[in-house]
Number of protein chains: 2
Amino acid sequence: MSLRHALLGLLVDRTASGYDLMKLFDTSLANVWPATQSQVYGELGKLDTTGLVEVVAEGPRGRKEYGLTPEGLAELRRWLVEEEGSRPQRSETLLQVFFLGVLPKNQAVARLLRQAGTAARQHAGLAALKESVDWEDGMLSVNGRLALEYGLRLRAMEEEWARWAADEVLRKGSGRAADAEDAPAEAPES
Amino acid sequence: MSLRHALLGLLVDRTASGYDLMKLFDTSLANVWPATQSQVYGELGKLDTTGLVEVVAEGPRGRKEYGLTPEGLAELRRWLVEEEGSRPQRSETLLQVFFLGVLPKNQAVARLLRQAGTAARQHAGLAALKESVDWEDGMLSVNGRLALEYGLRLRAMEEEWARWAADEVLRKGSGRAADAEDAPAEAPES
DNA sequence: GAGGCCATGTAACATGTTACATGATTGT
DNA sequence: ACAATCATGTAACATGTTACATGGCCTC
């Protein structure tokens with residue numbers, strides 16, 4: 001139930017409407033905990049019922065501005081201290097690596113190099129983000145910087161790994177060699 | 001819909017019952033794509049209906065042994081070649097980092113060092129696994145080795161990052177300093 | 001004959017995604 | 001007045017988790 005805690009966390013610094021929170025999700029939390037509009041409104045309702053947040057003001061267009069209650073802040077602290085961040089994390093990419101052997105060697109290599117390219121692009125995106133953000137900001141930015149650094153290191157590692165893996169497959173082979181029936185490998189996008 | 005493809009992938013090398021597949025999930029795929037028993041049986045039923053797998057033998061205790069059909073193999077190949085492994089990946093750990101500012105500095109540092117310890121333990125676990133596996137095995141092991149290496153690099157990166165982040169928080173501060181109202185930080189487990 | 005493993009399934013619930021529906025307000 | 005943006009919500013569906021239910025087979 002982390003969406004709940006993401007909302008509580010965002011409400012520490014400010015009061016906000018569901019609409020405002022959606023924008024915050026799309027900007028600050030997009031890479032860490034994406035959420036859809038339905039989810040946000042639904043969860044806000046539940047949090048209100050539970051008493052972890054409350055409506056502190058109403059505005060035009062039925063706008064409801066929520067604020068954190070003392071109970072909400074306590075719950076957020078409890079979560080930060082007690083909860084082990086360890087839900088099972090699935091990786092579709094790695095799953096595909098597992099079965100790469102059913103592809104002819106050249107296609108398997110192409111696939112891995114494509115992944116290297118994707119990781120490199122993501123790395124570049126985060127690097128650009130790092131430049132564009134004003135890091136003198138509030139609490140969220142301070143710690144957001146730590147999260148961003150994680151992303152940078154992760155993508156760098158992924159690119160390096162994918163290149164290494166492609167090389168391994170090339171040298172040691174991963175299953176079937178290309179035969180006449182198989183389509184030739186496409187060149188990896190540069 | 002990757003569970004579907006995980007099942008198809010496992011059935012490339014062998015025929016197997018739902019029960020057998022569960023064991024394979026718990027051993028080879030546990031760290032990459034965990035699945036529960038309900039999911040496996042449910043999805044096998046759908047795959048059978050769709051014609052991507054078929055019952056090739058029946059055994060005692062109502063055992064149904066499934067095998068891959070040509071259509072199933074084709075679908076697996078299509079997935080490997082076409083599908084970008086890029087579903088939004090959530091990280092509860094990073095989400096917690098984002099809101100670390102609501103904790104007093106010493107608790108925030110303790111939290112990060114705890115994460116470093118967890119990553120180190122996971123790294124050790126994978127290293128032990130690497131030793132214990134017979135890598136001369138089938139296709140699955142060959143590529144499983146690549147996935148394992150990813151895990152090793154990931155956990156190493158995480159430990160290093162967490163130590164770096166703890167140091168950053170210590171030096172630059174992350175929000176509130178500890179005050180009399182806050183509980184003292186516990187020593188990070190060694 | 002008893003306990004453990006093999007084997008399959010269902011039900012209830014939580015979470016997440018996509019699409020649809022509705023309308024008020026603001027700026028030009 | 002028209003479009004863009006603000007603003008909230010519902011419905012249907014897919015995926016994943018936990019718990020329950022049932023019973024056959026094998027070994028000691």
Side-chain angles (χ1 to χ4, degrees), chain A residues 1-8 10 14-27 29-50 53 55-66 79 83 85-92 95, chain B residues 1-8 10 14-27 29-50 53-66 79 83-92 95:
Chain A
M1 283 222 281
S2 293
L3 173 64
R4 164 189 245 88
H5 298 103
L7 290 169
L8 294 176
L10 289 175
R14 62 198 127 254
T15 64
S17 67
Y19 191 86
D20 296 334
L21 289 165
M22 263 313 297
K23 278 190 298 185
L24 286 170
F25 266 94
D26 287 343
T27 55
L29 290 184
N31 296 300
V32 166
W33 202 273
T36 62
Q37 186 246 44
S38 323
Q39 264 185 301
V40 169
Y41 283 112
E43 193 65 38
L44 270 178
K46 284 182 216 160
L47 284 169
D48 191 12
T49 305
T50 327
V53 304
V55 177
V56 293
E58 308 215 2
R61 281 164 295 211
R63 174 188 173 92
K64 284 184 279 185
E65 200 153 352
Y66 291 96
W79 173 70
E83 220 89 48
S86 64
R87 50 180 58 209
Q89 46 186 17
R90 301 176 159 79
S91 167
E92 186 164 16
L95 186 61
Chain B
M1 280 220 281
S2 294
L3 173 63
R4 163 189 247 90
H5 298 104
L7 289 169
L8 294 175
L10 289 174
R14 61 198 127 251
T15 64
S17 66
Y19 192 86
D20 296 333
L21 289 166
M22 262 315 296
K23 277 189 297 184
L24 285 170
F25 267 94
D26 288 342
T27 55
L29 290 185
N31 297 300
V32 166
W33 202 273
T36 61
Q37 185 246 43
S38 323
Q39 265 185 299
V40 169
Y41 283 111
E43 193 64 39
L44 270 178
K46 284 181 215 159
L47 284 169
D48 192 11
T49 305
T50 328
V53 304
E54 63 188 352
V55 177
V56 293
E58 307 213 3
R61 279 164 295 207
R63 174 187 174 93
K64 283 184 280 187
E65 201 152 352
Y66 291 97
W79 173 70
E83 219 88 49
E84 273 293 337
S86 65
R87 53 180 55 211
Q89 47 184 12
R90 300 176 160 79
S91 166
E92 185 164 16
L95 186 60

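Per chain, numbering begins at 1; letters A, B, ... match sequence-line order. What you see is a predicted model, and the numbers here were worked out from it, not measured in a lab. Hydrogens, waters and symmetry mates play no part in the numbers below; they use all other heavy atoms, side chains included.
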Revision key, fill the gap. When every non-hydrogen atom of A:Leu29 is compared with those of A:Ala6, the smallest separation belongs to CD1-CB, 4.2 Å
Practice item. Identify the two heavy atoms, one from B:Val40 and one from B:Ala35, that lie closest to each other, and give their separation to 0.1 Å. Key: CG2-CB, 4.3 Å
Check your understanding: How is A:Met1 classified with respect to the nucleic acid when contacts are heavy atoms under 4.0 Å: base, sugar-phosphate, or nothing?
Key -> sugar-phosphate
Point to revise | Interatomic distance where CD belongs to A:Gln39 and P belongs to D:dT10 [whole Å] | key: 15 Å
**Study point:** Toward the 5' end of DNA chain C, by each residue's nearest nucleotide, B:Tyr66 or B:Lys23
**Key:** B:Lys23
**Study point:** Separation of D:dG9 P from A:Leu21 CG (nearest whole Å)
**Key:** 13 Å
Exercise for review: May I have the step-by-step check of side chain to side chain contact (heavy atoms under 4.5 Å, CB included) for B:Trp33 and A:Glu92, ending in yes or no?
Suggested key: CA-CA 8 Å; B:Trp33 202 273; A:Glu92 186 164 16; 4.3 Å; yes
Practice item. Would you state whether a donor and an acceptor, one from the side chain of A:Ser38 and one from the base of C:dT17, lie under 3.5 Å apart? Key: no
Check your understanding: So, is B:Arg63 close to the C:dA7 phosphate, meaning a side-chain N or O under 4.0 Å from OP1 or OP2?
Key -> yes
Revision key, fill the gap. Whichever of A:Glu43 and B:Gly18 has the more 5' nearest nucleotide on DNA chain C, that residue is B:Gly18
Exercise for review: In whole angstrom, give the distance that lies between atom CD of A:Glu58 and atom C1' of D:dC6.
Suggested key: 16 Å
**Study point:** Spacing of OG belonging to B:Ser17 relative to CG belonging to B:Leu44, to within rounding of 0.5 Å
**Key:** 9.0 Å
Review point. So, is A:Tyr41 close to the D:dG9 phosphate, meaning a side-chain N or O under 4.0 Å from OP1 or OP2?
Key: no
Check your understanding: Atom CD of B:Glu65 to atom C1' of C:dA7: distance rounded to whole Å?
Key -> 13 Å
Check your understanding: OP1, OP2 of D:dG9 versus side-chain N and O of A:Lys64: anything below 4.0 Å?
Key -> yes
Check your understanding: Using a cut-off of 4.0 Å on non-hydrogen atoms, how would the nucleic acid contact of A:Arg90 be classed: base, sugar-phosphate, or nothing?
Key -> sugar-phosphate
Check your understanding: At under 4.0 Å between heavy atoms, what does B:Pro34 touch on the DNA or RNA strands: base, sugar-phosphate, or nothing?
Key -> nothing
**Study point:** Length of the CG-P vector between B:Leu47 and C:dT8, whole Å
**Key:** 14 Å
Study note, to complete from the structure: Note: for A:Gly42 and A:Arg61 on DNA chain D, the residue whose nearest nucleotide lies more 5' is A:Arg61
Review point. How many Å lie between CG on A:Leu3 and P on D:dG16, as a whole number?
Key: 18 Å
Point to revise | Protein-nucleotide distance (B:Met22, atom CE; D:dT17, atom P), rounded to Å | key: 11 Å
Practice item. Please report, rounded to the nearest Å, how far the P atom of C:dA24 is from the OH atom of A:Tyr19. Key: 17 Å
Review point. Can you tell me if CD on B:Gln39 sees more than 12 non-hydrogen neighbours from other groups inside 6.0 Å?
Key: yes
